[in-house]
Amino acid sequence: MPQTRTEKGGVYAEVASTLPVGKTFHYAIPPQFQSLCEVGKRVLVPLGKRTITGYILEFPSQLPPHITGKDIKEILDVLDETPLFEKGMLQFFRWVADYYLAPLGQVIKTALPPGINWESYYHCSLTQQGKEATAEGSPQRTPALKVLQAIDPQHGIPLKQLLKIYPNRSLYFSLEKRGLITLEAKIQPGRTKAKKITVVEAISPPPSPEPLTPKEGEIYAFLTEQKKVSLGDLRKRFKQASSVLKRLMKKGMVTTTEEEVFREPMQETVEREEAPFSLNPEQQAALEQINKALKEHTFSPFLLYGITGSGKTEVYLRAIQETISLGKQALILVPEISLTPQLVGRFQRKLGAEMALLHSGLSPGERYDQWRKVQRGLVTVVIGARSAVFAPFRDLGLIIVDEEHETSYKQEDGVRYNARDLALVRAQREKAVVILGSATPSLESFYNAQREKYHLLHLPQRVGGGVLPHVDIVDLKREKHTLFSPPLQEAVAKNLHEGGQSLLFLNRRGFSRTALCTECGRAFTCRHCSVTLTFHARRKALLCHYCGYQVPAFPVCPHCGGGTIQLHGLGTEKVEEEIRRLFPQARVARMDSDVMTQRGAHGKLLQALEKREIDILVGTQMIVKGHDFPRITLVGIITADVALNLPELRSSERCFQLISQAAGRAGRGIHPGRVIIQTFVPEHYAIQRAKEHDFVGFYQQEIAIREALRYPPVTRMVNMRVSSRNPRDAERGIQRLAKKGDRVLKTLQGEVEILGPSPAPLYQIKGSYRWQLLLKGETVVSLQHLSRALMHEGKGLKGVRVEVDVDPLSML
Ligand code: ADP
Ligand code: ZN
């Protein structure tokens, strides 16, 4: 509740809006809302012509000098009964906004469950004059006329729909000026709400008993016995329950109340029996250090570097148990795709604690309820993907970031945060312990461990004496069949014969990479993006993997109007087809984001794999993450070069990680495993080190290159991108930023360097032309100073979008 009053007796609130604007706004709180307003609640406020949602940040005792008490507007409504975040979290949000140069309101929106915000929109109606203009219907269909004719004369239409017909907003404002249409700002409540049910209770004994009919008596007796029954259940049990209930209420014999309930996501889990075991000495040593830190209640970051199958998850589990016994809460972050029934089942079984799940596979309602359970302190353990790093814990003791090297921890649009990095920031604020775990740590984390910013914990062996699989490299330059070289074919056949399961991994979905015209030799490219289209056999279509643009397969060549189309390259779908042809007797399945669109599909497939109903599984990187199946004895990497061929500074690192992770799926049980890598560049150090399971060797070679080129983690980077539908605007925009950058650089004394401007490697995406400037610096402080100046400059540019990416991972 606002306490301070200003000199004039007014009470003000500082509010962050969910719109992408950098600054915050001030409003007066009218008397009827004063007791309702609290930091962390949402309010409806006027902004220009619109009504928008905002978050209350503070109750300043004074208005900033540029606002006078006279022209300040009032809060229209308070939307929440209880605050959505506490002051401590707000400080964290402010830190995030500051570091990633993002508007505070957007950070808060990102941190809260989706779908709860009220959305404002414009509704467009025809005026009398407008109706007449459409009726006349001039033969020339100008954009204005097209738009006017699309408006329902009676009810109007949301502006959003008109924008699909004609995207330029200025048209609508000019139509309004000419008196043809009216634009009205409206607001729509958030779709996600708490679910409430009606609960019926008998008043027993009743204050003034009245005679009851047999039916009334029956229901009353039932209610007295059951204590509390939901109205829904009552209706299911008794005919005419509602009318009988009404009479009972009149007689003062029952009451009804509204109660909130939590929607529980259907959680499939994979069951597995396991004999109890004790930790091996390395696990024990790691756990002891972690437990010591947990007891000390100080910020302690650990890097748990353990090869695949070395028992990292077991260490997590026991550290969580310790956290729970200290009365604190634990957060486990996992990459979205490894949030599998298998993993969740294992945690549920071993912890037996109240758990919540937070990830994008849940419906918004389920996610909101899981989130509220955390907020109310009803759960002790949360497993979640990236955004769970913002979960509203009360007393966080431990954060685990599993597979910390995964790029999916980085959000690639909106607020471009990295959940792994924020886990450390949050833990530092809340004096918690952090465990970053990986078999192939990111260069960043291992570098930090080398410099003793993190404590390194090492698990060098597989548990139970298991050995890492033997790796063979097939040089595709010497093979005729580059999809399935004879050595790979033989290995699959042999494994099938011996009853083992095989995994075939290819980091590319679809059937075939490119479609070329045999007449003119040109490729089919997306109309909106600088990428070639991929052929998908089941859909009989060519598809853009960036924007979803789709054309039916094999029309005549759009370039020369004739010719036949040939397919080049390959994808998972093609691999599956080839496998079925080569091994008709094998049970084959495929796992990639094309087939895994249905809810629960992923879990079913893993269950089938566990039950050994699948002999050969073909898939993209989805299949190589974190799963643990003891009967997989062969892993084939169809081509290791996909990652290497990307123009990115981390391409070798990605390649090494992918091969190591894929190889890590083989031979996890008592049967030894085997890995076959097909590649055109067998001598590449990323492939050689992965073959030898030599992470440290790889790290040393790679860090030497980064040192020489002054690339992260040795330095820090920021990517500034300017994009526009008009290629000339985009180029002009980036030139302006570059000039400004040169001026700022002179004041920074060589701590920062600017690379570019250059067109982004994917120059055109979704119809936008993109340019970038890479800023590289020794310290974050001067980099941020420069980025802020450039963002400011960018505000003055017309017709372009300026985006900033701090610590970028992908610079395509
Ligand atoms: P990682 O997370 O490093 O890949 P896991 O923790 O999943 O490894 O361990 C692999 C398998 O070994 C799991 O089935 C796990 O239950 C089992 N396991 C872990 N630690 C031990 C141990 N000390 N003794 C026996 N089995 C273990
Ligand atoms: Zn596209």
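Read the numbers this way: they start at 1 and go in the same order the structure lists the ligands and their atoms. These values consider heavy atoms only, across backbone and side chains, with no hydrogens, waters or symmetry-generated copies.
- A donor and an acceptor atom, one from each side chain of Ser442 and Glu404, are located under 3.5 Å apart.
- No salt bridge links Lys292 with Glu322; every basic N to acidic carboxylate O contact stays at or beyond 4.0 Å.
- Between the side chain of Gln678 and the backbone N or O of Ser485, at least one donor-acceptor pair lies under 3.5 Å.
- Annotation: Phe698 is not in aromatic contact with Phe446 [ring centroid separation under 6.0 Å not met].
- With ligand atoms numbered from 1 in the order given, ligand 1 contributes 1 (P), 3 (O), 5 (P), 6 (O), 8 (O), 9 (O) to contacts under 4.0 Å with heavy atoms of Gly311.
- Across the listed options Glu282, Glu403, Arg346, Arg318, Arg346 owns the non-hydrogen atom lying nearest to atom 6 (O) of ligand 1.
- For ligand 1 and Gln283, the ligand atoms under 4.0 Å from any heavy atom of the residue are 19 (C), 20 (N), 22 (C), 23 (N).
- Residue Ser310 places a heavy atom under 4.0 Å from ligand 1.
- Annotation for ligand 1: atoms under 4.0 Å from non-hydrogen atoms of Leu279 are 23 (N).
- There is no side-chain donor-acceptor pair under 3.5 Å between Arg650 and Ser810.
- Closest approach of Leu303 and Ala449 over heavy atoms only: CD2-CB, 3.9 Å.
- Close contacts of ligand 1 with Asn280, meaning ligand atoms under 4.0 Å from a residue heavy atom, involve 23 (N).
- At distances below 3.5 Å, not a single donor-acceptor pair connects side-chain atoms of Gln370 with backbone N or O atoms of Leu358.
- By the 3.5 Å distance cut-off applied to N or O atoms, Gly309 is counted among the residues near ligand 1.
- Under 4.0 angstrom from ligand 1, the non-hydrogen atoms of Thr313 come from both its backbone and its side chain.
- Under a 4.0 Å heavy-atom criterion, Ala439 is not in contact with ligand 1.
- Per-residue contacts place Ser278 under 4.0 angstrom from the following atoms of ligand 1 (heavy atoms of the residue considered): 22 (C), 23 (N), 24 (N).
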